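One structure is given here, and the rest of the page talks about it.
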Amino acid sequence: MKRVGVLALQGAVREHVQSIEACGAKAVLVKWSSDLEDLDAIILPGGESTTMRRLIDRYGLLGPLRAFAESGKPMFGTCAGLILLAKEIAGYPEPHLGVMDIAVERNSFGRQADSFEIPLSVKGMEEPFEAVFIRAPHIVSVGPGVEVLGEHGGKIVMARSSQFLGCSFHPELTDDHRITAYFLSMIPSETGISLPKGSVYSKV
């Protein structure tokens with residue numbers, strides 16, 4: 001069974017764990033660098049990116065997470081997790097992990113009180129995905145080789161580059177596990193994971 005970590009410093013950790021397990025993989029909480037050992041992939045949840053960076057530094061995870069990225073294993077950032085992955089953050093001199101060739105802008109859709117849900121068209125999915133946006137960032141620009149998977153209001157909200165997947169919204173806050181299943185399908189030589197019935201990503 002594949003082992004998928006969830007960075008357990010802030011955000012909807014439990015919901016990501018439930019989604020991973022619904023897809024047939026083992027979820028592992030990651031709080032220390034030793035927790036990264038033997039993982040096949042990792043999810044960086046939403047939350048508040050500046051606070052998450054502070055906690056990453058406090059727990060000594062910045063270097064180990066970058067090493068994890070350099071190993072070629074899949075990483076999925078949702079909302080604040082997307083900001084952690086980005087190589088460039090508008091208005092900020094330095095990125096956090098800086099491993100995904102995208103530029104992002106924080107809080108692109110208003111404050112928490114302006115949170116909303118929309119049926120989002122995602123490339124490769126026949127049916128829209130009910131996307132939950134909470135103080136969401138958006139992807140301002142993408143580098144060569146980055147595939148745009150979803151847009152809302154003319155703004156890029158989901159993209160993939162090699163083993164990196166990022167989205168502005170919170171797929172873990174619904175009972176629809178198609179996007180988590182897609183991420184798990186990015187694990188090399190993936191076997192033994194039962195994708196949701198009818199998933200259009202089952203062949204990815």
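Since this is a predicted model, take the numbers as computed values, not measurements. Start at 1 with the first residue, then count along the sequence.
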Please step through side chain to side chain contact (heavy atoms under 4.5 Å, CB included) for the pair Val140 and His138, ending with a clear verdict. CA-CA 6 Å; Val140 179; His138 84 284; 3.8 Å; yes
Return the [atom1] to [atom2] distance between [X] and [Y], rounded to the nearest 0.5 Å.
X: Glu117; Y: His170; atom1: CD; atom2: NE2; value: 11.0 Å
X: Leu55; Y: Gln10; atom1: CG; atom2: CD; value: 6.5 Å
X: Phe76; Y: Leu7; atom1: CZ; atom2: CG; value: 14.0 Å
X: Asp175; Y: Glu15; atom1: CG; atom2: CD; value: 10.5 Å
X: Tyr182; Y: Met158; atom1: OH; atom2: CE; value: 6.5 Å
X: Glu37; Y: Asp35; atom1: CD; atom2: CG; value: 8.5 Å

Audit row: Leu9, Lys31, side chain to side chain contact (heavy atoms under 4.5 Å, CB included) steps and yes/no: CA-CA 6 Å; Leu9 301 178; Lys31 199 167 185 177; 3.9 Å; yes
Co-membership, hydrophobic cluster, residues [X] and [Y], 4.5 Å side-chain:
X: Ile134; Y: Ile83; result: no
X: Val28; Y: Val17; result: no
X: Leu44; Y: Leu36; result: yes
X: Leu61; Y: Met75; result: yes
X: Ile118; Y: Ile156; result: no

Where is the tightest heavy-atom contact between [X] and [Y], given as atom of each residue plus distance?
X: Leu97; Y: Leu65; answer: CD2-CB, 3.8 Å
X: Ala159; Y: Val146; answer: CB-CG1, 3.9 Å
X: Ser49; Y: Ala80; answer: N-CB, 3.8 Å
X: Gly5; Y: Val30; answer: CA-CG2, 3.9 Å
X: Phe169; Y: Leu120; answer: CE2-CD2, 3.4 Å
X: Phe129; Y: Val122; answer: CB-CG2, 4.2 Å

Determine whether a donor-acceptor pair (N or O, by modelled atom type, separation under 3.5 Å) exists between the side chain of Asp40 and the backbone of Val4.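 Here the side-chain-to-backbone pair does not exist.
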Arg160 (side chain) donor-acceptor with Ser162 (main chain) under 3.5 angstrom: yes
Ile56 and His96: side chain to side chain contact (heavy atoms under 4.5 Å, CB included), yes or no, with the steps? CA-CA 10 Å; Ile56 285 171; His96 298 299; over 6 Å; no
Quick one: are [X] and [Y] in side-chain contact, heavy atoms under 4.5 Å?
X: Leu165; Y: Leu149; value: yes
X: Ser168; Y: Cys79; value: no
X: Glu172; Y: Pro45; value: no
X: Ile179; Y: Met125; value: yes
X: Pro64; Y: Trp32; value: no
X: Pro144; Y: Asp101; value: yes
X: Leu39; Y: Phe68; value: yes
X: Ile139; Y: Val148; value: no

Before you tell me yes or no, could you show the steps for Ile102 and Leu82 under side chain to side chain contact (heavy atoms under 4.5 Å, CB included), namely the whole-Å CA-CA distance, both residues' side-chain angles and the distance that decides it to 0.1 Å? CA-CA 9 Å; Ile102 57 173; Leu82 172 70; 3.5 Å; yes
Identify, with sequence neighbours excluded, every residue that meets salt bridge (charged side-chain N to carboxylate O under 4.0 Å, His left out) alongside Arg106.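 By the salt bridge (charged side-chain N to carboxylate O under 4.0 Å, His left out) rule, Arg106 matches Glu48.
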Restricting to pairs with a member in residues 54-79, which pass side chain to side chain donor-acceptor pair (under 3.5 Å), not counting sequence neighbours? His16-Thr78, Arg53-Asp57
Hey, are Lys123 and Glu147 close enough for a salt bridge, meaning a charged N less than 4.0 Å from a carboxylate O?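 Yes, this pair counts.
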Stepwise, does the side-chain hydrogen bond (donor to acceptor under 3.5 Å, both in side chains) test hold for His177 with Ser19? CA-CA 6 Å; His177 303 297; Ser19 189; 2.8 Å; yes
